[in-house]
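What you see below is based on every heavy atom in this structure, not just the backbone, and it leaves out hydrogens, waters and symmetry mates. Just so it is clear, the model here is predicted, and its values are computed rather than measured. If you read the sequence from its start, that first residue is 1, and numbering goes on from there.
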Amino acid sequence: MECCMNKQKYFSFKHGFLAFVKSNILLILILLVLVINKSEWRYDDGFGYVMMYLVFAEIFIVVLSFLACIKPYVGKDLEKDQKKHNKE
C-alpha cells in the first residue's frame, strides 16, 4: 500500500500545453518578421512558401509538445527505483 501512495505522475498536460503556447508565440514572432517586408518579395508565390513553413513547423510543435508532456525520471526518483531494483 505504501508504494502506491508515493506514485508521481510522469505525464502532465500542463507541461505540454505550456510548451505548445511558448512555441506558437515564437512561431508568430517569426511569421511577423517574415511578413513585414512582404511587398519586397521577388516571388508572387512567396506567401505559399511561408504557409508551407508554418504547417510543417506546427506539426513539429505538436509532436514536441506531446513529448514535453512526458516527465523523465530525475534525481531521487531514479535512485529510489535503482535501489528498489537492486533489493529485488
| request: Answer with yes or no whether the hydrophobic clustering places M51 together with L34; edges join I, L, V, M, F, W, Y residues whose side-chain heavy atoms lie under 4.5 Å apart. | output: yes
Note: G16 and C69 closest approach over all heavy atoms is CA-SG, 3.5 Å
Original post:
Would you say the side chain of L31 lies within less than 4.5 Å of the side chain of Y53, judging by non-hydrogen atoms?
Top reply: no
Separation between OG (S65) and CZ (F13), nearest 0.5 Å, reads 12.0 Å
On a heavy-atom basis, the closest approach of V33 and N37 is O-OD1, 4.4 Å
Show me, pair by pair, the donor-acceptor contacts under 3.5 angstrom made by side chains of residues 17-28, not counting sequence neighbours?
{"unit_1": "S23", "atom_1": "OG", "unit_2": "A19", "atom_2": "O", "d": "2.8"}
{"unit_1": "N24", "atom_1": "ND2", "unit_2": "F20", "atom_2": "O", "d": "3.3"}

Rounded to the nearest 0.5 Å, the CG atom of L54 sits from the CD1 atom of I30 at a distance of 9.5 Å
